[in-house]
Protein chains: 2
Amino acid sequence: MAVTIKDVSAKCGLSISTVSKAFNNYSDISAETRELVHRTAREIGYYPNAIARTLKTNRSYNLGVLYSDDGQNGLTHSFFAQVLDSFKSECEKHGYDITFINHNVGWTGMTYLEHCRYRNVDGVCMVCADFYSTEVSELATSDIPCVTIDHAFNNRSCVMSENLQGVQQLVRYAYDKGHRKIAFVHGQRSSVTENRITGYYRALNELELTPRSDYLVSALYDSPTSGYQAMLQLMKLPEPPTCVLMPDDHSALGALEAAAELKLRVPEDVSIAGYDGIRLGQMLHPKLTTIKQDTKRMGMQAALYLIDRIENPRTAVSEVGCIPTKLIPGESIAQVKG
Amino acid sequence: MAVTIKDVSAKCGLSISTVSKAFNNYSDISAETRELVHRTAREIGYYPNAIARTLKTNRSYNLGVLYSDDGQNGLTHSFFAQVLDSFKSECEKHGYDITFINHNVGWTGMTYLEHCRYRNVDGVCMVCADFYSTEVSELATSDIPCVTIDHAFNNRSCVMSENLQGVQQLVRYAYDKGHRKIAFVHGQRSSVTENRITGYYRALNELELTPRSDYLVSALYDSPTSGYQAMLQLMKLPEPPTCVLMPDDHSALGALEAAAELKLRVPEDVSIAGYDGIRLGQMLHPKLTTIKQDTKRMGMQAALYLIDRIENPRTAVSEVGCIPTKLIPGESIAQVKG
DNA sequence: ATTTTCGCCTAAACCGGTTTCGATGTTGAG
DNA sequence: CTCAACATCGAAACCGGTTTAGGCGAAAAT
């Protein structure tokens with residue numbers, strides 16, 4: 001059914017090798033022949049088959065994307081979806097397709113690394129994965145080029161959102177608005193969380209506020225329910241905070257819900273901030289104060305790093321890209337009188 | 001680097017063919033030999049390479065996913081993301097990976113069909129695509145098994161959300177709440193839109209309400225801005241509707257915004273409904289009245305249909321699956337006094 | 001004892017390309 | 001006129017599997 005290199009070679013009256021060389025711009029093919037081959041190929045709709053090419057060259061022009069699908073929401077996760085979307089379009093510009101790497105395929109479970117070899121991916125990008133698992137680090141330390149997002153492995157390229165600075169900026173913003181009792185709700189253990197907590201403490205320190213252990217609360221990312229509970233917990237304190245920084249916008253929605261239930265007006269009675277800058281945050285009343293991550297640039301940068309490592313294995317060094325965040329003032333942090 | 005069938009055959013002292021056959025459960029391999037092969041494979045971590053297998057068998061265990069990435073938000077589109085997520089996990093259960101099909105890869109543009117052949121996908125699922133384009137229908141009428149979601153091609157399997165019934169149900173709900181001036185805002189031209197408009201008219205007809213052309217407004221899917229404008233347009237009418245049905249939840253958010261700007265309370269002054277049932281709709285005040293589409297089941301069903309066509313090319317017939325929707329009452333449609 | 005049948009395994013072709021190496025004809029230098 | 005250099009092209013090996021056709025020894029049938 002599909003048209004192969006044989007069809008082209010037959011139609012041109014040339015050998016298969018010559019056609020292949022013409023397509024790969026070998027220097028020992030005359031300009032006319034090359035032209036003839038290309039014209040004929042276009043005529044009969046020939047494209048070299050990726051599978052066959054891969055088998056011989058071991059270059060699939062296929063990149064793996066690894067994320068933890070164990071969590072309830074994989075592709076639905078808005079941060080991940082945005083990064084992925086951008087990563088994907090950059091890859092396509094360079095002629096790469098993408099494939100999801102997982103360990104639940106059909107048979108007896110393959111590991112991530114095995115899945116990568118099974119599909120001959122040229123490289124792999126890891127986002128929102130469980131970076132502490134042995135399976136992930138096995139892949140990270142393998143010979144397969146890889147880039148990580150929001151986590152740094154030794155000697156591997158990575159793209160980091162400036163989480164530390166982001167939270168710092170947010171705390172300062174709250175401080176400038178007159179808040180002194182600023183609580184921080186953090187997500188699950190991860191590099192991101194660690195950086196954000198560090199940012200929180202660093203900001204408090206800078207502003208000469210004494211950290212209180214009851215103002216540091218644990219919750220889950222992307223979970224309104226969990227955010228709801230964290231908010232309740234904080235508001236029940238004998239001395240509740242006047243401003244609460246949530247792990248992300250979705251959990252902030254849970255916090256807003258909790259505030260509403262407690263008959264607390266936002267931001268008059270209590271201030272709340274999110275993180276991520278999802279579109280819907282700006283459609284709320286009050287508009288959500290939040291930190292916008294530049295997901296578009298993160299995905300693009302990751303793709304560029306990865307492709308660079310693949311196409312220039314010698315010269316390419318592992319790079320670390322820091323992508324700046326941006327504070328979106330919104331209206332959910334109120335000005336407090338001194 | 002990677003371990004191949006040769007390594008297994010060498011270690012077992014068997015020929016390559018025997019190893020291959022042992023792996024593919026050929027009957028002319030003794031139980032002991034088969035056992036030996038499998039054990040050795042497990043020991044040295046061998047998995048048959050998908051690329052090599054595909055080349056010979058023309059079965060890639062790879063499925064294409066086609067969606068229109070021309071729109072601004074591809075993977076970010078919440079309906080699409082949900083369907084895809086479910087489709088993907090069902091595929092993985094059956095040992096299939098997925099690849100995105102597009103026509104922007106590297107070179108001179110391949111068509112969708114060419115991309116499918118280029119990657120040897122076993123089948124392709126089309127969602128949120130431009131079903132009216134020649135390129136898409138070329139693929140749909142090719143010999144590659146395919147399944148569509150929310151659009152029916154002749155003689156091809158498809159999964160349809162019950163859009164007609166969904167809208168009908170929504171109109172009836174509004175009617176039962178006392179509304180008589182019910183406007184319908186629809187999205188871009190597509191089967192979905194056509195079905196929904198039909199559902200709208202059919203419901204009006206059933207309820208003996210006379211349709212008014214000024215109550216049928218055009219907007220865009222997934223666009224708060226567009227929803228905002230549509231809402232303004234409707235509210236400026238000399239005789240504005242008391243209830244507005246929006247194309248989806250996101251555009252409903254735009255409509256809510258417009259209402260707020262016009263100092264209209266929802267639902268006291270005007271009622272608004274969405275479509276899709278996104279999580280955030282239920283976190284608003286008032287909670288959004290909407291129709292929940294069973295995206296999970298849609299994705300799963302599509303995968304099952306597609307895999308069935310692939311694995312049983314003889315017996316499989318094109319099937320049409322209708323996935324029921326569910327009304328989520330919410331609070332954004334008010335009871336109106338007769 | 002000879003032939004048939006069977007059970008088990010291997011050799012080799014093949015999938016659709018890429019790439020090495022050599023063949024051929026042409027040209028330029030000596 | 002001879003020989004080297006160059007420009008073009010093709011034959012064949014190869015990538016890692018699958019699959020067909022056939023080989024070989026042992027058991028069963030004649």
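Since this is a predicted model, take the numbers as computed values, not measurements. Below, chain A is the first sequence line, B the second, and so on; all start at residue 1.
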In whole Å, I'd like the distance from the [atom1] atom of [X] to the [atom2] atom of [N].
| X | N | atom1 | atom2 | answer |
| --- | --- | --- | --- | --- |
| Asn120(A) | dT18(C) | CG | P | 15 Å |
| Glu32(B) | dC9(C) | CD | C1' | 13 Å |
| Ile16(B) | dA11(C) | CD1 | P | 9 Å |
| Asp28(A) | dA23(C) | CG | P | 16 Å |

Please report the C-alpha distance between Ser20(B) and Ser17(B) in whole Å, then the side-chain angles of each, then the deciding distance to 0.1 Å, and finally whether the side chain to side chain donor-acceptor pair (under 3.5 Å) criterion is met.
CA-CA 5 Å; Ser20(B) 173; Ser17(B) 356; over 6 Å; no
Once ring-ring contact (aromatic ring centres under 6.0 Å, His included) is applied, do any residues pair with His77(B), and if so which ones, sequence neighbours excluded?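 So His77(B) forms no ring-ring contact (aromatic ring centres under 6.0 Å, His included) with any residue.
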Residue list, ring-ring contact (aromatic ring centres under 6.0 Å, His included) with Phe80(B), at least two apart or on another chain: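 Result, ring-ring contact (aromatic ring centres under 6.0 Å, His included) vs Phe80(B): Tyr67(B).
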Practice item. Using the test side-chain hydrogen bond (donor to acceptor under 3.5 Å, both in side chains), find all partners of Gln188(B) that sit at least two apart in sequence or belong to another chain. Key: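 Listed in chain order: nothing, the list is empty.
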Q) By side-chain hydrogen bond (donor to acceptor under 3.5 Å, both in side chains), which residues pair with Asp28(A), not counting sequence neighbours? A)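 Checked Asp28(A) against side-chain hydrogen bond (donor to acceptor under 3.5 Å, both in side chains); matches are Lys21(A).
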Ignoring hydrogens and angles, write down the donor-acceptor pairs under 3.5 Å from the side chains of residues 306-321 of chain B, residues two or more places apart or on other chains.
{"from": "Asp308(B)", "atom 1": "OD1", "to": "Asn312(B)", "atom 2": "ND2", "distance (Å)": "2.7"}
{"from": "Glu311(B)", "atom 1": "OE2", "to": "Tyr96(B)", "atom 2": "OH", "distance (Å)": "2.8"}

Scan [X] against the nucleic acid and name what it touches under 4.0 Å (heavy atoms): base, sugar-phosphate only, or nothing.
| X | result |
| --- | --- |
| Thr54(A) | nothing |
| Asn49(B) | sugar-phosphate |
| Ser17(A) | base |

Problem set entry | All salt bridge (charged side-chain N to carboxylate O under 4.0 Å, His left out) counterparts of Asp122(B), not counting sequence neighbours |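 Testing Asp122(B) for salt bridge (charged side-chain N to carboxylate O under 4.0 Å, His left out), a comparison that skips the adjacent residues, returns Arg59(B).
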Kindly write out the residues that satisfy salt bridge (charged side-chain N to carboxylate O under 4.0 Å, His left out) with Glu90(B), not counting sequence neighbours, or none if the list is empty.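 Result, salt bridge (charged side-chain N to carboxylate O under 4.0 Å, His left out) vs Glu90(B): Lys93(B).
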Going 5' to 3' along DNA chain D, between which two nucleotides do contacts with chain A fall, using a heavy-atom cut-off of 4.0 Å?
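Listing 5' to 3', DNA chain D meets chain A from dT8(D) to dG16(D).
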Report task. Sort and list the pairs that fulfil salt bridge (Lys or Arg N to Asp or Glu O under 4.0 Å) and have at least one residue in residues 125-142 of chain B, not counting sequence neighbours. Result ->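 Qualifying pairs: none.
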Exercise. Rounding to 10 degrees, work out the angle separating the end axes of the helix from dA1(C)-dT30(D) to dG30(C)-dC1(D) (five pairs an end).
Key: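 Roughly 60°, once rounded to the nearest ten degrees.
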Go nucleotide by nucleotide along DNA chain C from the 5' end; which of Leu14(B) and Lys56(B) gets its closest nucleotide reached first?
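Nearest nucleotide further toward 5': that of Leu14(B).
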*Toward the 5' end of DNA chain C, which comes first, Ser15(B) or Leu55(B), by nearest nucleotide?*
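Looking at the nearest nucleotide for each, Ser15(B) comes out on the 5' side.
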* To do: Please test Asn62(A) against Thr54(A) for side chain to side chain contact (heavy atoms under 4.5 Å, CB included), starting from the C-alpha separation and ending with a verdict.
  => CA-CA 10 Å; Asn62(A) 206 357; Thr54(A) 302; over 6 Å; no
| query | Which residues in residues 18-27 of chain A have at least one heavy atom lying under 4.0 Å from any atom of DNA chain D? | reply |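 Here the set is Thr18(A), Lys21(A).
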**Prompt:** Pairs in or reaching into residues 15-37 of chain A: which pass ring pair (Phe, Tyr, Trp, His ring centres under 6.0 Å), with residues at least two apart or in two chains?
**Reply:**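 Those involving residues 15-37 of chain A are Phe23(A)-His38(A), Phe23(A)-Tyr46(A).
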